[in-house]
Amino acid sequence: MTQLKPSAQRVQDAIRALGYNFTVLELADSTRTAAEAAAAVGCEVAQIAKSLVFRGEQTGEPVLVIAAGHHRVNEQRIADHLGEPIGKANADDVREQTGFVIGGVPPIGHARPLRTLIDEDLLQFDVIWAAAGHPHALFQLTPQALVAMTGGTVVRVV
Ligand code: 5CA
């Protein structure tokens, strides 16, 4: 088996450390966007668990929203869950908070623990796919494992 890039290996290690055996795949095709990721593995865009970082405008606290690939997250809904207005994190914030670059941000294995909200629509699928550290890396998992691994709260995001 070929060696994973270091950022993908970090995700693979984090998966194992959490007690799961999902396998990180590095693909020739780009998986930078949800649409590209879905095309690369042959699933519905809705089965791509995309990781979006926001921050509370009052507390500055980051929050990770893991949304179904076809959804545009309603920031007001997230604000309602958190009890403060939120804004989208910029690329530098994303990197600082997660340790990964946009297009490869995984749901786990971050630089620091992140409060996590999970799109309820991901739970309808048997399997879903998430980014695994860089824009050509993904892993397949179950929605139940996503919830358990992240300790996230399942909410409506649209
Ligand atoms: N690897 C794919 C599928 S999992 C992926 O990571 N897709 S994603 O949608 O989760 O990541 C891209 C997301 O990063 C976009 O949906 C967008 O919310 C966010 N993003 C893209 N560009 C920026 C930017 N310049 N600043 C802040 N966030 C951005």
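Numbering of ligands and ligand atoms starts at 1, following listing order.
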So for ligand 1, is [X] a polar contact partner (N or O within less than 3.5 Å, distance only)?
X     : value
Thr33 : no
Ala37 : no
Lys50 : no
Lys88 : yes

Which atoms of ligand 1 have any heavy atom of Ile48 under 4.0 Å away?
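Counting from 1, the qualifying ligand atoms are 3 (C), 4 (S).
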
Contact check, Ala49 vs ligand 1, heavy-atom distance below 4.0 Å
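Yes, Ala49 has a heavy atom closer than 4.0 Å to ligand 1.
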
Heavy-atom distances under 4.0 Å are what count here, so tell me which part of [X] touches ligand 1: side chain, backbone, both or neither.
X      : answer
Pro135 : neither
Ser51  : backbone
Val94  : neither

Protein contact to [atom] [nearest heavy atom, distance to 0.1 Å]:
atom                    : answer
atom 16 (O) of ligand 1 : Leu52 CD2, 3.3 Å
atom 19 (C) of ligand 1 : Ile102 CG2, 4.1 Å
atom 2 (C) of ligand 1  : Thr31 O, 2.9 Å
atom 5 (C) of ligand 1  : Arg32 O, 3.1 Å
atom 27 (C) of ligand 1 : Ala89 O, 3.0 Å
atom 11 (O) of ligand 1 : Gly103 N, 4.1 Å

Any side-chain to backbone donor/acceptor pair from His136 onto Asp29? Under 3.5 Å, distance only.
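Indeed, once roles are kept as given, a pair shorter than 3.5 Å links the two residues.
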
N/O donor-acceptor pair under 3.5 Å between Gln47 side chain and Val127 backbone
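Present.
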
Within a radius of less than 6.0 Å around CZ of Arg72, do more than 12 heavy atoms belonging to other residues, nucleotides or ligands occur?
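No, not enclosed.
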
Are any of the side-chain heavy atoms of Val155 and Arg77 separated by less than 4.5 Å?
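Side-chain contact under 4.5 Å: no.
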
Are side-chain heavy atoms of Leu117 and Val157 found at a separation under 4.5 Å?
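No. Closest side-chain heavy atoms not under 4.5 Å.
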
Is there a side-chain contact (heavy atoms from CB on, under 4.5 Å) between His81 and Val63 once you walk through the steps?
CA-CA 11 Å; His81 289 300; Val63 58; over 6 Å; no

Worked check of side-chain contact (heavy atoms from CB on, under 4.5 Å) between Val53 and Asp93:
CA-CA 8 Å; Val53 182; Asp93 285 337; 5.9 Å; no

Start with the C-alpha gap between Phe54 and Val73, add the side-chain angles, then the distance that decides, and say whether side-chain contact (heavy atoms from CB on, under 4.5 Å) holds.
CA-CA 11 Å; Phe54 296 89; Val73 172; 4.1 Å; yes

Donor + acceptor pair across side chains of His70, Glu44 (<3.5 Å):
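There is no such pair (donor and acceptor under 3.5 Å, judged by atom type) between the side chains of His70 and Glu44.
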
Give the intermediate values and the outcome of side-chain contact (heavy atoms from CB on, under 4.5 Å) for residues Val101 and Val94.
CA-CA 7 Å; Val101 296; Val94 172; over 6 Å; no

